[in-house]
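Scroll down for the structure; my scribbles are underneath it.
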Number of protein chains: 2
Amino acid sequence: MSESSGGETLLFLTDEQLRQGIEAVFFAYQSFTADPDRILATMAYGRAHHRAIHFINRAPGTTVNNLLAILCVTKQSLNRVLRSLVEDELVEARVGKVDKRERHLYLTEKGEALERKLSDAQRARMRSAYRAAGPQAVAGFRTVLEAMMDPEMRRRYLSLKESGV
Amino acid sequence: MSESSGGETLLFLTDEQLRQGIEAVFFAYQSFTADPDRILATMAYGRAHHRAIHFINRAPGTTVNNLLAILCVTKQSLNRVLRSLVEDELVEARVGKVDKRERHLYLTEKGEALERKLSDAQRARMRSAYRAAGPQAVAGFRTVLEAMMDPEMRRRYLSLKESGV
DNA sequence: AGTTTAAGTCAGTCTTGTTGACATTCCAAG
DNA sequence: CTTGGAATGTCAACAAGACTGACTTAAACT
């Protein structure tokens, strides 16, 4: 509260301040995932399905390999999730035209409906947090998050960001 | 970049902006946990052990029930983790003096050493992100994170924050 | 033709979450 | 004082979702 918009002091880099930042991330992430988790629990899906659906929606036609890089999981792990999504007709995997080895992933209408349901819940929380915090805080929020990312992750984040305008 | 320190516009509340916020949290959290995960992988421990160690260090003498509320898992789940930590002599569980049902949890020296190792790694990342982003961004970062938390979580976060000065 | 790459599969393990049953301790009402 | 209920913690079994390792198939590259 006291160090809020202060000058250029470096006092906020004490171990205690850093610890508080770590805990803030922990607690916020817990709430952040709680809304979609509640929805997913009512079906036979989990957080892994949500992640796949989110990024397929974000980059329709993306390949399996691409998704693996973003999610940072093994293909075996992703495959289990993808298989059930394809079986349940939430995701369509089309064979690549130029390279037939590749599978391009798309959400079906059913998949889009679930995506909307999940992201509506998550966006509602972000929206109210953003509104409560104000534009300046939001800018700072995103600056710090970007600075926290590993370079490789930041690269992927930024390229998604640009593709979405 | 363009919406950085801008005025009081509400343009940043478009779905696209909110989506970017969601993705930023996702990618940042991935990097955020990567450092301790790497250390833990070399021993027989996981993220759950880290969380327990972190909060026991933060509030020495805390009870199991207390920890459950913070971590939002079942007591059975926490108990497995706690048992292995006690067996390995990283944590000491003392029977409560006034209420013998309670176990008060403390880190041993060995436990403190691991806590330091883990949090050093995590703090290093936070420190460099904070430094790169600057004090104003950090203030905004924390404001938004607090606003994202469920009221109950925020209450717990704030009480830890105060206890640590 | 031989190698590499993309994707998928099968089997087995580990962590970490879950529920259900149970033991111990405390406390308060009869 | 005792007894029954609530709180605290433990044990056992199971499921999700991550992992590794070995392997197949098909297509592309050289």
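Computed from a predicted structure; not experimentally measured. Throughout, protein chains are lettered first and strands after them, A, B, ... in sequence-line order, and every chain is numbered starting at 1. We use all heavy atoms of the structure for the numbers below, so side chains are in, but hydrogens, waters and symmetry mates are not.
Rounded to whole angstrom, the span from the CG atom of A:Leu68 across to the P atom of C:dA7 amounts to 8 Å. A straight line from CG of A:Leu85 to P of C:dA7 spans 16 Å, rounded to a whole angstrom. Rounded to whole Å, atom C1' of C:dA7 lies 11 Å from atom CG of A:Leu105.
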Below 3.5 Å, can you tabulate the donor-acceptor pairs from side chains in residues 48-55 of chain A to any protein atom, sequence neighbours excluded?
{"unit_1": "A:His49", "atom_1": "ND1", "unit_2": "A:Gly46", "atom_2": "N", "d": "3.0"}
{"unit_1": "A:His49", "atom_1": "NE2", "unit_2": "A:Ser84", "atom_2": "OG", "d": "3.3"}
{"unit_1": "A:His54", "atom_1": "NE2", "unit_2": "B:Glu23", "atom_2": "OE2", "d": "2.8"}

Compile the donor-acceptor pairs under 3.5 Å between side chains in residues 65-83 of chain B and protein atoms, sequence neighbours left out, one pair per line.
{"unit_1": "B:Thr74", "atom_1": "OG1", "unit_2": "B:Ser77", "atom_2": "N", "d": "3.3"}

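A:Gln17 and B:Arg142 share a side-chain donor-acceptor pair at under 3.5 Å.
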Pairs under 3.5 angstrom, nitrogen or oxygen only, protein versus nucleotides 3-5 of chain C, please.
{"unit_1": "C:dT5", "atom_1": "O2", "unit_2": "A:Arg101", "atom_2": "NH1", "d": "2.5"}

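Read 5' to 3', the first and last nucleotides of DNA chain D with an atom closer than 4.0 Å to a heavy atom of chain B are D:dA6 to D:dA12.
Contact annotation for A:Val98: backbone-only contact, meaning every heavy-atom pair under 4.0 Å involves sugar-phosphate atoms and none involves a base.
A salt bridge is defined here as a Lys NZ or Arg NE, NH1 or NH2 lying under 4.0 Å from an Asp or Glu carboxylate O, and B:Arg155 with B:Glu162 fails to meet this definition. Using a cutoff of 4.0 Å between basic side-chain nitrogens and carboxylate oxygens, A:Lys117 and A:Asp120 are not scored as salt-bridged. Of the charged side-chain nitrogens involved, at least one lies within less than 4.0 Å of a carboxylate oxygen, so that A:Arg127 and B:Asp15 count as a salt-bridged pair.
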Which nucleotides of nucleotides 10-20 of chain C have their base under 4.0 Å from a protein heavy atom (B), which only their sugar-phosphate (S), and which neither (-), written as one string 5' to 3'?
B----SBBBBB
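Taking every heavy atom of both residues into account, A:Arg103 and A:Lys100 meet most closely at NH2-O, 4.0 Å. Minimum interatomic distance between B:Leu160 and B:Ser163 (heavy atoms only, all atoms of both residues): O-OG, 2.8 Å.
Annotation: side chain to side chain contact (heavy atoms under 4.5 Å, CB included) contacts of A:Thr108 (sequence neighbours excluded): A:Glu92, A:Lys110.
Note that CD of A:Glu146 and CE of A:Met153 are 14.0 Å apart. Values are rounded to the nearest 0.5 Å.
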